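Not measured: the values here are computed from a predicted model. Here is how names work: the chains are called A, B, and so on, in the same order as the sequence lines, proteins then strands, and each is numbered from 1.
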Number of protein chains: 2
Amino acid sequence: MSKPRATLKDIATKLNISISTVSRALNDHPAINQKTKRSVKSTAKKLNYYPNLLALNLLQKKSNTIGVVVPEITSHFFSSVITGIQDILRPSNYNMIICQSEESYKDEVEIVENLMRVGVDGILVSPSSSTKNFEHFRRLKKSGIPIVVFDRDCPGLEVDKVLVDDYDGAFQAVDYLIKSGCKRIAHIGGPLNLSTTKHRLEGYLDALKENDIPIDKKYIKHVKGFTHEDGIKPAKSLLKLENKPDAIFAVNDCIAISAMYAAKMLKLKIPEEISIIGFDDEPHSSYFTPELSTVWQPVYSMGMLSARILLKRISNTDEKQKLREEIFKPELVIRASSKKI
Amino acid sequence: MSKPRATLKDIATKLNISISTVSRALNDHPAINQKTKRSVKSTAKKLNYYPNLLALNLLQKKSNTIGVVVPEITSHFFSSVITGIQDILRPSNYNMIICQSEESYKDEVEIVENLMRVGVDGILVSPSSSTKNFEHFRRLKKSGIPIVVFDRDCPGLEVDKVLVDDYDGAFQAVDYLIKSGCKRIAHIGGPLNLSTTKHRLEGYLDALKENDIPIDKKYIKHVKGFTHEDGIKPAKSLLKLENKPDAIFAVNDCIAISAMYAAKMLKLKIPEEISIIGFDDEPHSSYFTPELSTVWQPVYSMGMLSARILLKRISNTDEKQKLREEIFKPELVIRASSKKI
DNA sequence: AAATTTAATGCAAAGGTTTGCATTAAACTT
DNA sequence: AAGTTTAATGCAAACCTTTGCATTAAATTT
């Protein structure tokens with residue numbers, strides 16, 4: 001049924017000319033006769049010929065494919081970054097193999113290994129929350145495959161990086177809460193070996209310090225995952241404390257929404273009794289009641305810039321260009337879940 | 001800096017044996033001496049050899065890569081389907097190139113063309129909302145690349161399909177609304193040439209008919225896109241009608257949430273004055289106030305099954321197996337945004 | 001008419017792997 | 001000792017493309 005795909009040879013045989021002439025004709029090589037070109041092109045069309053990129057890849061030792069490794073793609077955050085990446089890659093004729101580590105170090109190592117084997121020209125990666133060792137990335141770099149780390153930093157790994165100033169975002173949020181009159185500000189943070197999470201915690205702590213508010217460990221909780229379910233328990237336990245907090249700064253919007261949900265279950269008024277601020281500014285966050293205050297980060301731009309840097313690195317391969325580390329600034333978005341100043 | 005990757009030839013030269021012996025040794029061919037195998041394997045490791053899949057692909061005319069074409073990946077729906085797909089593909093050693101059509105027919109055609117060129121072994125596709133012509137898929141099929149359509153049907157296209165009974169989901173939802181006492185049920189639908197949207201509309205209409213409720217065109221609106229923003233205007237215009245509806249069945253959760261938002265703005269009580277039901281059951285839908293009633297569909301399973309069917313089709317290529325059309329049943333999930341029966 | 005330039009095309013290698021068939025040398029059988 | 005089997009390895013083609021160099025034939029110059 002499916003006749004095998006036409007090759008240059010098929011065209012050459014049909015026209016009784018050599019393969020090289022066919023190749024050159026199709027590529028509009030100047031040394032080829034116009035008539036030949038026309039006849040080649042027309043039979044190419046007739047045979048439904050299109051070049052075999054696998055052969056080309058082998059020849060050029062270049063696959064025009066890049067690998068993208070993320071913890072998961074179901075979150076709005078990563079799917080938006082990926083969209084940004086793709087919008088740069090497509091016009092440059094690069095394809096993208098997306099892989100999810102599912103926050104597993106083991107899977108991540110396997111994925112990187114696999115991407116190396118299939119011959120991607122470069123890799124964009126946001127490491128899993130359980131990744132503490134970066135040897136797999138170093139191996140990659142050593143085999144000449146450029147790599148750009150985005151969002152989640154790998155301290156000590158010498159590669160291009162595109163990050164967000166999480167510390168600043170957290171600081172802004174907590175500082176705002178203090179300025180709006182909150183005294184007992186709690187934080188629900190994420191896994192501690194994630195740079196993002198750690199920096200948000202630090203921003204929280206420093207904002208308190210700078211405003212001379214004592215740090216109280218009972219106001220600090222951590223979640224293992226980033227879904228709604230993960231947030232309910234810590235939020236409830238915070239809100240049931242004797243001297244319960246009057247504000248919660250959550251590590252992301254999902255957790256913040258869980259906190260709102262928990263607060264409502266406990267009949268607490270938001271923001272009168274409890275202010276809540278999240279992180280990420282997901283599209284639906286502004287549709288909750290009350291509308292969620294949060295910290296916006298330029299996800300789409302982050303994806304685009306990461307891809308641009310990677311492409312540049314791929315084309316400038318042997319150059320000893322110095323490493324780039326770009327840090328985007330997040331923005332505090334105040335809505336109705338936090339008191340006005 | 002980056003020394004070129006080791007090849008079979010490098011190993012062969014180093015050990016003074018032929019390339020074929022090296023190849024066979026690495027593949028544990030029975031006709032190779034144990035000693036030879038050991039020495040080959042050890043030098044392979046020493047040289048950090050790993051096979052060049054590009055060469056293998058060319059030889060076998062098989063890339064172990066499949067293409068996934070979706071309108072977008074930022075929605076929870078598609079990113080979940082993709083996760084299902086990946087969880088089947090990974091263990092089978094297939095990689096996945098994901099492409100977004102952004103609901104553009106033109107982009108979709110280009111993407112399919114490109115996937116064909118790069119030599120994917122098969123394609124999973126959920127067509128864009130502006131795709132009315134399926135020639136690009138037929139061309140694909142004709143060149144022997146199997147294709148599985150999921151979620152959004154392509155009527156008249158003879159390929160494997162994995163769909164959801166949208167008609168049934170809509171019927172259940174609207175029938176429930178009627179049973180709960182609603183009399184004036186509105187519908188905010190999506191683009192009309194999408195099978196999913198069309199079937200949901202039909203389910204809505206039939207549920208009304210079957211319950212002897214006259215159909216009133218002023219209660220039916222359509223959105224072009226599926227985001228929150230798209231939903232606000234039609235929702236408002238419905239809720240501002242003289243004889244305003246007492247229920248809204250929305251084409252998906254995003255639009256339903258916009259409707260809730262609009263209702264709240266107009267100080268309408270949900271569900272007392274207006275019941276609202278969505279479609280999709282996104283994870284955050286149960287965290288809204290009131291919690292959104294909706295129609296759940298087995299997205300993850302849909303992804304897995306689509307991938308399974310495609311893989312089977314790829315391995316059973318020349319067989320004239322008959323086409324599969326699997327239809328998943330959705331489930332009505334009643335929460336607080338609709339009156340109890 | 002011979003020598004030189006120009007235009008058009010072809011040959012063959014290279015890229016890395018697998019595999020059918022051929023070859024070699026050793027071990028066995030008669 | 002001659003013939004046959006067995007074990008281990010090598011040769012070369014195939015997958016499809018691009019491209020430097022060589023070749024051919026025609027056109028131009030002397």
Point to revise | NZ/NE/NH1/NH2 to OD/OE distance under 4.0 Å, Lys46(B) and Asp10(B) | key: no

Exercise for review: Have a look at Thr7(A) and say if it touches a base, only the backbone sugar-phosphate, or nothing, with a 4.0 Å heavy-atom cut-off.
Suggested key: sugar-phosphate

Review point. Does Ile17(B) or Leu56(A) map to a spot on DNA chain D nearer the 5' end, using the closest nucleotide for each?
Key: Ile17(B)

Revision key, fill the gap. Rounded to the nearest 0.5 Å, the CD atom of Gln86(A) sits from the CD1 atom of Ile98(A) at a distance of 6.5 Å

**Study point:** Terminal axes of the helix from dA1(C)-dT30(D) to dT30(C)-dA1(D) (five pairs each): angle between them, nearest 10 degrees
**Key:** 70°

Point to revise | Given DNA chain D, 5'-ward residue of the pair Lys61(B) and His29(B), judged by closest heavy atom | key: His29(B)

Exercise for review: Provide, to the nearest angstrom, the distance between the CG atom belonging to Leu8(A) and the C1' atom belonging to dC15(D).
Suggested key: 13 Å

Point to revise | Lys/Arg-Asp/Glu bridge criterion (N-O < 4.0 Å) met for Arg138(B), Glu158(B) | key: no

Practice item. Assign Ser23(A) to base, sugar-phosphate, or nothing according to its heavy-atom contacts below 4.0 angstrom with the strands shown. Key: base

Review point. If you look at every strand shown and take non-hydrogen atoms under 4.0 Å, does Asn57(B) touch a base, only sugar-phosphate, or nothing?
Key: nothing

Check your understanding: Going by distance alone, is a donor N or O of one side chain under 3.5 Å from an acceptor N or O of the other, for Glu72(B) and Thr74(B)?
Key -> yes

Study note, to complete from the structure: note: Leu54(B), atom CG; dC16(D), atom C1'; distance rounded to Å ~ 13 Å

Point to revise | Rounded distance (nearest 0.5 Å) linking atom CD of Glu326(B) with atom OG of Ser306(B) | key: 9.5 Å

Check your understanding: Lys62(A) NZ to dT18(D) P: how many Å, rounded?
Key -> 15 Å

Revision key, fill the gap. The first and last nucleotides of DNA chain C lying within contact of chain B, meaning any atom under 4.0 Å from one of its heavy atoms, run from dG16(C) to dG20(C)

